[in-house]
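What follows is a set of notes on a single structure, which appears directly below.
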Amino acid sequence: MVLTETGPAHDAGPLIAVERPTPSPGEGEILLAVSACGVCRTDLQLVEGDLAARRLPIVPGHQIVGRVEAVGPGVHDWAEGERAGATWLAETCGRCVRCRSGRENLCVDARFTGWDVDGGFAEYCVVRADVAARIPDSFGDLDAAPLLCGGVIGFRALRLSGVQPGQRLGLYGFGASALCAIQIARHWDCRVFVCTRSERERERARRLGAVWVGGYDDEPPEPLDAAITFAPVGEVVVSALSALDRGGTVAINAIHLDRVPSFPYEALWWERSIRSIANVTRADVRDFLRLAADIPVVTQFETLRLEAANAALRRLRDGDIDGAAVLIPEPE
Ligand SMILES: [Zn+2]
Ligand SMILES: [Zn+2]
């Protein structure tokens with residue numbers, strides 16, 4: 001399913017189904033036969049043009065689970081038939097100061113799956129062997145797909161929010177990523193306060209152990225030690241900031257935000273901070289998948305056929321997806 005021109009997602013576009021020859025893996029690459037690919041809000045933002053395309057045509061999709069179909073030259077740690085996962089991080093330079101200091105997510109030369117290189121809205125895709133992830137056996141292919149972006153980035157946001165076990169955490173927005181984050185936070189015995197518009201999501205948050213649920217403008221009953229915003233709306237960042245206790249952090253889990261409105265400095269005073277969360281590292285993926293298997297994190301997803309990728313994106317935009325959407329190619 002290829003994006004050639006950005007536009008509003010509707011049931012018949014803008015992605016187009018095309019037939020292409022099966023790609024072959026180059027040096028250091030593996031070819032995956034895709035069994036499942038999760039649909040992320042970033043895919044929607046790219047398709048609709050909120051996130052500027054870096055290359056067109058492009059195959060979106062960066063929560064990929066598949067089987068190794070072929071191994072390129074120089075690859076020794078993957079064998080045909082093994083299960084592999086691919087995430088947003090497609091390639092880094094490996095040499096810059098950020099790559100060498102555990103911050104490869106900030107590499108200026110990093111390339112991203114489904115943005116710079118073709119992703120997983122396809123039957124086959126080629127990924128770099130050194131960024132491919134091993135997925136714990138306890139997860140099925142469908143369960144694993146939503147973990148590979150929403151899960152991992154939620155985990156990174158939790159870490160960078162500085163929230164400590166037992167503290168009070170706010171989650172603003174309660175889609176696929178927050179669904180994973182709340183399970184980790186509860187595992188850390190955090191008290192979780194969830195703000196979302198959707199009554200269905202509030203109900204789910206309660207079931208997953210939230211101590212309080214409300215809307216974006218409702219003030220949680222206690223000040224928060226940390227908050228993560230998932231909603232791609234700047235107003236929500238200000239709501240989260242106003243709910244913070246002294247010294248607390250708002251972590252913004254969004255690659256694209258409309259804007260951050262101005263707010264009184266008193267909201268930031270007392271060493272409160274706002275920070276963005278950009279991409280993930282291989283270590284995030286590894287650490288998260290291990291923890292997710294231990295807890296275990298349970299994903300909520302709805303499966304759609306690959307050909308229905310446009311409908312999946314449209315429904316994600318309209319808030320009409322229950323948990324995560326996962327695309328599955330028709331078996332041949
Ligand atoms: Zn680098
Ligand atoms: Zn994503």
Side-chain angles (χ1 to χ4, degrees), residues 1 3 9 15 28 34 36-48 50-54 58-65 85-122 125 127-128 130-131 133 144-158 160 173-181 228-232 251-257 276-285 288-289 292 299-301 309 312-313 316-317 321 323-327:
M1 297 298 288
L3 180 70
L15 297 177
V34 178
C37 187
V39 180
C40 175
R41 184 162 292 277
T42 302
D43 298 315
L44 173 65
Q45 292 175 334
L46 167 70
V47 163
E48 297 205 316
D50 289 329
L51 177 66
R54 301 227 287 209
I58 187 85
V59 179
H62 56 271
Q63 306 188 84
I64 309 165
V65 181
T87 70
W88 175 240
L89 189 73
E91 189 174 357
T92 60
C93 83
R95 295 178 305 275
C96 71
V97 63
R98 297 176 193 86
C99 281
R100 287 185 283 110
S101 58
R103 298 177 298 153
E104 64 184 359
N105 59 306
L106 305 181
C107 175
V108 180
D109 292 320
R111 304 199 321 148
F112 300 100
T113 314
W115 198 22
D116 298 297
V117 299
D118 283 336
F121 289 5
C125 78
V127 303
R128 291 207 51 85
D130 58 3
V131 297
L147 298 175
L148 294 175
C149 185
V152 185
I153 194 85
F155 173 65
R156 184 174 178 85
L158 277 169
L160 270 60
F174 204 67
S177 186
L179 271 171
C180 295
I228 304 173
T229 64
F230 298 91
I252 304 173
N253 188 343
I255 191 170
H256 165 81
L257 208 61
S276 60
I277 305 299
N279 316 319
V280 294
T281 65
R282 276 169 269 200
D284 291 328
V285 176
F288 167 68
L289 288 176
T299 50
Q300 315 263 349
F301 57 86
L313 291 164
L316 178 64
R317 183 195 59 213
I321 292 284
V326 176
L327 302 177

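For ligands, and for the atoms within them, numbers begin at 1 and follow the listed sequence. Side chains are part of it too, since the values below use all heavy atoms of this structure and drop only hydrogens, waters and symmetry mates.
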With a 4.5 Å limit on heavy-atom distance, are the side chains of [X] and [Y] in contact?
| X | Y | result |
| --- | --- | --- |
| Val39 | Phe121 | yes |
| Trp115 | Leu51 | yes |
| Asn105 | Leu89 | no |

Would you kindly say whether Arg282 and Thr92 are connected by a side-chain donor-acceptor distance under 3.5 Å?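 Yes, Thr92 and Arg282 have a side-chain donor paired with an acceptor closer than 3.5 Å.
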
Knowing that exactly one of Asp43, Thr87, Thr42 qualifies, which makes a side chain to side chain donor-acceptor pair (under 3.5 Å) with His62?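 For His62, the side chain to side chain donor-acceptor pair (under 3.5 Å) check succeeds only for Asp43.
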
Contacts of the Zn ion (ligand 1) with protein N/O/S atoms, counting only those under 2.8 Å: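 For the Zn ion (ligand 1), the protein N, O and S atoms that sit under 2.8 Å away are Cys93 SG, Cys96 SG, Cys99 SG, Cys107 SG.
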
Please confirm whether the backbone N or O of Gln45 pairs with a side-chain atom of Asp50, one donor and one acceptor, at under 3.5 Å?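 Checked: no pair found.
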
